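Inspection log for the structure reproduced underneath, given as structure tokens.
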Amino acid sequence: MTDLTTLPLTGLEVPHARYRITSLQQVTMSCGVAFSANVRQGRALVGVIENHGRGGGTWFTPADRTGRQGMAEFTRTCRWKGEPIGEEEVYEHLIDEYDLARTAKRNARKRTSLVRGLDADGYTEHIIEAKVPAVWLARGDYPYMDQLARGLSRHQPAPEVWQVWDGEQWQELVLPHTANNLSTARCSA
């Protein structure tokens with residue numbers, strides 16, 4: 001097997017970083033979010049990842065035969081936590097990586113934080129934008145950490161782990177004990 005590159009925000013392991021999403025359009029529907037995203041290699045369109053937002057699947061429509069073959073090989077090689085995953089999961093991780101990267105850039109400009117809650121299996125349950133500089137949360141010296149912990153404890157299902165994006169990687173978010181938060185968050189990396 002080839003060496004894989006781990007995407008920083010989602011943890012998807014990919015065979016190369018030549019494929020990139022260059023645009024994402026989203027519309028909230030009654031059963032979910034409809035989206036369409038262009039996948040490019042350099043300037044060439046490889047194809048489009050789509051979901052109609054009606055409870056159906058996510059699929060890839062290739063721009064040509066080369067795009068179909070290339071994406072098929074790409075998705076076959078991708079891994080999640082070292083294990084093979086289906087094409088649809090790969091597409092959804094690629095969309096999440098792109099969307100989270102845009103959100104993280106916006107948070108960096110606004111000096112706010114991207115926080116995620118993970119379940120026991122390491123899947124993201126919640127994505128929160130906190131109006132606190134990420135450096136304070138990563139260092140653990142935010143003066144209102146008790147208030148943040150109480151706010152995060154209201155999210156259901158309750159995550160096993162809370163992490164903050166420091167601009168390069170997810171960091172452990174250590175929360176103080178509160179009446180609603182009976183355990184401290186720990187890193188699952």
Side-chain angles (χ1 to χ4, degrees), residues 1-29 32-54 56-110 112-119 121-129 134 138 161 163-172 187-189:
M1 177 178 277
T2 62
D3 291 331
L4 299 176
T5 300
T6 302
L7 299 180
L9 288 154
T10 60
L12 178 67
E13 299 162 49
V14 298
H16 60 76
R18 294 186 307 270
Y19 289 168
R20 60 188 176 83
I21 293 179
T22 58
S23 67
L24 173 64
Q25 294 80 39
Q26 298 175 305
V27 176
T28 301
M29 306 293 283
V33 177
F35 59 83
S36 175
N38 290 341
V39 180
R40 293 190 180 274
Q41 181 173 357
R43 294 180 137 190
L45 180 66
V46 177
V48 178
I49 297 173
E50 297 177 297
N51 186 304
H52 287 159
R54 297 185 187 122
T58 300
W59 63 91
F60 176 73
T61 304
D64 56 25
R65 193 168 98 219
T66 304
R68 178 178 40 253
Q69 292 168 341
M71 186 58 84
E73 179 60 32
F74 181 86
T75 58
R76 246 191 323 277
T77 308
C78 286
R79 299 289 181 265
W80 171 252
K81 299 184 180 234
E83 298 296 321
I85 63 173
E87 290 178 354
E88 188 171 344
E89 290 176 284
V90 170
Y91 304 148
E92 290 173 358
H93 281 294
L94 291 173
I95 296 295
D96 288 345
E97 186 74 25
Y98 177 80
D99 199 28
L100 287 171
R102 288 191 314 179
T103 303
K105 284 179 185 175
R106 183 178 65 242
N107 287 129
R109 281 192 313 272
K110 293 171 36 181
T112 59
S113 301
L114 185 61
V115 177
R116 73 176 179 180
L118 303 176
D119 68 12
D121 295 322
Y123 289 96
T124 301
E125 291 183 322
H126 304 286
I127 296 287
I128 310 297
E129 291 184 60
V161 175
Q163 295 177 331
V164 61
W165 180 252
D166 72 1
E168 294 181 20
Q169 64 185 352
W170 291 105
Q171 293 286 325
E172 174 182 359
C187 184
S188 69

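These numbers were taken from a predicted model, which means no experiment stands behind them. Residues: numbered from 1 along the sequence shown.
- I95 places a side-chain heavy atom less than 4.5 Å from the side chain of I21.
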Check the pair W170 / R116 against side-chain contact (heavy atoms from CB on, under 4.5 Å), numbers first and verdict last.
CA-CA 9 Å; W170 291 105; R116 73 176 179 180; 3.1 Å; yes
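- In this structure, Q169 contributes its side chain and P8 its backbone to no donor-acceptor pair below 3.5 Å.
- Panel note: side chain E87, backbone T75; no donor-acceptor pair is recorded below 3.5 Å.
- Side-chain contact between E73 and Q69 is absent, with no heavy-atom pair separated by less than 4.5 Å.
- Shortest non-hydrogen contact noted between G53 and M29 is O-CB, 3.3 Å.
- Between V90 and F74, the closest heavy-atom pair is CG1-CE2, 4.1 Å.
- Rounding to the nearest 0.5 angstrom, the gap separating the CG atom in L94 from the CG atom in D99 is 12.5 Å.
- Summarising the geometry, atom OG1 belonging to T28 is positioned 7.5 Å from atom CD belonging to Q26; distances are rounded to the nearest 0.5 Å.
- To the nearest 0.5 Å, the span separating CG on N51 from CD on E92 amounts to 7.0 Å.
- Using a distance-only test at 3.5 Å, with no hydrogens or angles considered, a donor-acceptor pair links the side chain of E88 to the main chain of T58.
- Contact record, S113 with V164: CB-CG2, 4.0 Å, taken as the closest heavy-atom pair.
- Using a 30° and 60° split on the angle between ring planes, H93 and W80 fall in the parallel class, below 30°.
- Between the CZ atom of F35 and the CG atom of L24 there is a distance of 7.5 Å, given to the nearest 0.5 Å.
- Summarising the geometry, atom OG1 belonging to T6 is positioned 12.0 Å from atom CZ belonging to R79; distances are rounded to the nearest 0.5 Å.
- One distance of note links OG1 of T124 with CD of Q163; it measures 8.0 Å at 0.5 Å rounding.
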Take V46 and Y19 through the test side-chain contact (heavy atoms from CB on, under 4.5 Å) and record every step on the way to the result.
CA-CA 8 Å; V46 177; Y19 289 168; 3.8 Å; yes
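- Pairing each heavy atom of V48 with each of S36, the nearest pair is CG1-OG, 3.4 Å.
- Panel note: side chain R68, backbone T61; no donor-acceptor pair is recorded below 3.5 Å.
- Between the side chain of D121 and the backbone N or O of Y123, no donor-acceptor pair lies under 3.5 Å.
- For the residue pair E129/T112, the side-chain donor-acceptor check at 3.5 Å is not satisfied.
- What you find for R40 and L45 is that their closest heavy atoms are NH1-N, 3.5 Å.
- With H16 contributing its side chain and R18 its backbone, the two residues share a donor-acceptor pair below 3.5 Å.
- Side-chain atoms of M71 and V39, non-hydrogen and from C-beta on, do get closer than 4.5 Å to each other.
- Contact detail for F60 and I49: the closest heavy-atom pair is CD1-CG1, 4.0 Å.
- Atom CD of E168 has 12 or fewer neighbouring heavy atoms from other residues, nucleotides or ligands inside a 6.0 Å radius.
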